[in-house]
There are 2 protein chains.
Amino acid sequence: MDSAVAREQALDAAEKLFYGRGIQSVGMDDVRGTSGVSLKRLYQLFPAKEQLVEAYLERRDERWRERLAAHVEAHGDPRGRLLAVFDWLEQWFGEDDFRGCAWINAYGELGATSARVTTQVDAHKRAFRDYLEGLVADAGLPGALAGQLYLLAEGAMVTAGITRATEPARQAREAARVLVEAAAG
Amino acid sequence: MDSAVAREQALDAAEKLFYGRGIQSVGMDDVRGTSGVSLKRLYQLFPAKEQLVEAYLERRDERWRERLAAHVEAHGDPRGRLLAVFDWLEQWFGEDDFRGCAWINAYGELGATSARVTTQVDAHKRAFRDYLEGLVADAGLPGALAGQLYLLAEGAMVTAGITRATEPARQAREAARVLVEAAAG
DNA sequence: GCAGCTGGAGAACGTGCGTTCTCCAGCTGA
DNA sequence: TCAGCTGGAGAACGCACGTTCTCCAGCTGC
């Protein structure tokens with residue numbers, strides 16, 4: 001079996017299991033069972049579980065931001081793109097396997113003990129925030145607005161994760177709309 | 001030693017350790033060492049670690065909400081009380097041992113595996129939200145505002161926990177001010 | 001003083017799991 | 001055909017930790 005294929009299969013299984021059941025409650029043997037990649041191969045690809053977790057977060061980050069950007073870019077006007085972020089959140093929250101924000105969860109589990117995880121979480125959150133800043137700038141709105149929208153989005157993710165409801169996305173969107181209008185003067 | 005005293009000492013140690021290092025990375029032996037309460041006594045007071053965790057979250061919830069309320073109630077006018085919530089968050093974020101929201105962290109760690117933890121997190125978040133709803137009602141503002149302020153507060157907690165900065169509280173406060181003014185029409 | 005109870009210290013037990021090792025089936029090249 | 005390599009299955013190892021057990025010092029009531 002090709003190494004690259006095994007790697008993808010391992011990461012597919014890791015993502016499904018880590019995201020769905022939490023990182024610490026999933027053993028390397030579970031990853032082997034779900035992926036069909038032997039333990040020997042797993043340890044060739046990832047020298048320790050921590051690196052597998054790191055790679056899982058990294059690959060998910062790329063895909064998550066691509067999905068968000070694809071949805072947002074479909075909207076023509078700059079101000080509509082800002083609100084489209086919250087529409088996408090609502091869509092995401094409604095997915096069957098939604099269990100909150102993978103990075104917030106990972107931080108709660110391992111932030112205190114794994115520097116690699118902390119780094120991934122920081123990088124992901126900073127990238128999301130930078131993206132919002134870009135959207136705000138494109139709309140010709142003041143930079144301070146980006147931080148406010150970011151907090152709304154984070155609050156919605158946490159709350160949707162705990163309550164398993166999509167409603168927080170709509171509440172956040174409505175608040176965002178008010179903030180955008182106020183900022184536009 | 002009195003049973004009630006031993007219980008308090010155990011909970012003091014549990015809170016310090018669980019909050020500071022995460023729940024899963026603290027062993028019952030660590031709790032014994034820090035509290036000075038023997039393992040035998042610990043297991044008489046709490047039949048299993050899960051119950052100790054539950055009691056930790058429950059007691060912290062009472063204290064956390066008391067501290068918040070004490071700070072907020074010091075402000076005379078209803079609208080000022082709403083913004084005082086965010087002032088208190090800033091103060092909390094700035095404490096030396098601040099490591100994010102204990103319930104969000106606990107949910108990330110154990111939400112997928114412990115029903116007792118999930119119940120505590122739900123109860124705490126609902127109580128905080130109810131409290132905000134009361135403040136919004138007292139200020140004669142529309143109920144929908146409460147959910148928005150709640151999301152801002154949650155976003156600030158998560159972000160302050162990850163970045164170890166107090167700034168999110170001020171950003172959230174500023175956004176809250178705009179939303180309150182818009183809602184007051 | 002002495003039987004009997006209480007509670008502490010810490011050893012012991014069992015399990016889960018990250019990581020490594022052993023063994024072997026099946027392929028490759030001469 | 002046969003030595004040699006590859007990779008898989010799964011046993012084995014070591015450790016951490018939740019939980020329980022053993023032993024004993026110190027106290028109580030007669």
Side-chain angles (χ1 to χ4, degrees), chain A residues 1-57 105-106 108-117 120, chain B residues 1-57 105-106 108-117 120:
Chain A
M1 188 194 291
D2 189 347
S3 229
V5 173
R7 189 185 157 88
E8 286 304 296
Q9 287 185 350
L11 286 174
D12 287 346
E15 177 158 11
K16 180 178 166 189
L17 295 171
F18 288 158
Y19 181 67
R21 307 197 334 228
I23 294 167
Q24 313 225 52
S25 74
V26 171
M28 292 297 277
D29 216 57
D30 296 322
V31 176
R32 175 183 68 162
T34 301
S35 67
V37 176
S38 74
L39 277 183
K40 198 181 195 175
R41 196 70 104 92
L42 274 180
Y43 278 91
Q44 280 170 2
L45 293 164
F46 308 96
K49 186 184 182 182
E50 197 182 11
Q51 273 98 318
L52 176 59
V53 173
E54 184 181 25
Y56 142 63
L57 290 174
N105 292 345
E109 256 186 290
L110 299 168
T113 56
S114 164
R116 292 188 130 93
V117 166
Q120 285 301 314
Chain B
M1 187 192 294
D2 190 348
S3 229
V5 174
R7 189 185 156 89
E8 286 304 296
Q9 287 185 351
L11 286 174
D12 287 345
E15 177 158 10
K16 179 178 165 189
L17 295 170
F18 289 159
Y19 180 67
R21 308 197 334 226
I23 293 167
Q24 313 225 52
S25 75
V26 171
M28 292 297 277
D29 216 58
D30 296 322
V31 176
R32 175 182 69 161
T34 301
S35 67
V37 176
S38 73
L39 276 183
K40 199 182 196 176
R41 197 71 103 91
L42 274 180
Y43 277 93
Q44 280 170 1
L45 294 164
F46 308 96
K49 186 183 182 183
E50 197 183 12
Q51 273 97 320
L52 176 59
V53 173
E54 185 181 25
Y56 142 63
L57 290 174
N105 291 345
E109 254 187 292
L110 299 169
T113 57
S114 165
R116 292 188 130 94
V117 167
Q120 286 300 314

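Here is how names work: the chains are called A, B, and so on, in the same order as the sequence lines, proteins then strands, and each is numbered from 1.
- dG18(C) atom P lies 13 Å from atom CD of E50(A), rounded to whole Å.
- Taking atom CD on Q51(A) and atom C1' on dT19(C), their separation rounds to 13 Å, with Å as the unit.
- Looking at every heavy atom in both residues, A14(A) comes nearest to L52(A) through CB-CD1, 4.0 Å.
- Inter-residue side-chain proximity for L45(B) and S3(B) is flagged as met; some heavy-atom pair is nearer than 4.5 Å.
- Taking atom OH on Y43(B) and atom C1' on dT6(C), their separation rounds to 21 Å, with Å as the unit.
- Residue M28(A) places its side chain closer to dG18(C) than to any other of dG8(C), dT19(D), dG18(C).
- Rounded to an integer number of Å, the gap from F46(A) CZ to dG18(C) P is 15 Å.
- Using a 4.0 Å heavy-atom criterion, one finds that V26(A) contacts the sugar-phosphate atoms exclusively.
- Between the base of dG18(D) and the side chain of K49(B) there is no donor-acceptor pair shorter than 3.5 Å.
- Here the shortest heavy-atom pairing between L11(B) and A55(B) reads CD2-CB, 3.8 Å.
- Under the Watson-Crick or G-U wobble criterion, with both distances below 3.5 Å, dG29(D) is paired with dC2(C).
- Across all strands shown, the partner of dC23(C) is dG8(D), judged by Watson-Crick or G-U wobble contacts whose two distances both fall under 3.5 Å.
- In this structure, the nucleotide among dG8(D), dA11(D), dT19(D) sitting nearest to the side chain of S38(A) is dG8(D).
- Rounded to whole Å, the distance from CG on L42(A) to C1' on dC17(C) is 14 Å.
- Taking atom CD of Q44(B) as the reference point, atom P of dT20(D) lies 12 Å away to the nearest angstrom.
- Between the C1' atom of dT19(C) and the CZ atom of R41(A) lies a distance of 18 Å, rounded to the nearest Å.
- With DNA chain D read from its 5' end, the first of the two nearest nucleotides for Q24(B) and L39(A) is the one closest to L39(A).
- Out of dA11(D), dG8(C), dG18(C), the shortest distance to the side chain of K40(B) is found at dG8(C).
- Between the NZ atom in K16(B) and the OG atom in S35(B) there is a gap of 11.0 Å [rounded to 0.5 Å].
- Not a single donor-acceptor pair, N or O on each side, falls under 3.5 Å between the base of dG8(C) and the side chain of R32(B).
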Less than 3.5 Å apart, which donor and acceptor atoms pair up between the side chains of residues 23-32 of chain A and the rest of the protein, not counting sequence neighbours?
residue: Q24(A); atom: NE2; partner: E109(A); partner atom: O; Å: 3.4
residue: S25(A); atom: OG; partner: R21(A); partner atom: O; Å: 2.7
residue: D29(A); atom: OD1; partner: R32(A); partner atom: NH2; Å: 3.2
residue: D30(A); atom: OD2; partner: R21(A); partner atom: NH2; Å: 3.3
residue: D30(A); atom: OD2; partner: G27(A); partner atom: N; Å: 2.9

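- For L45(B) and dG8(C), the CG to C1' distance is 14 Å, given to the nearest whole Å.
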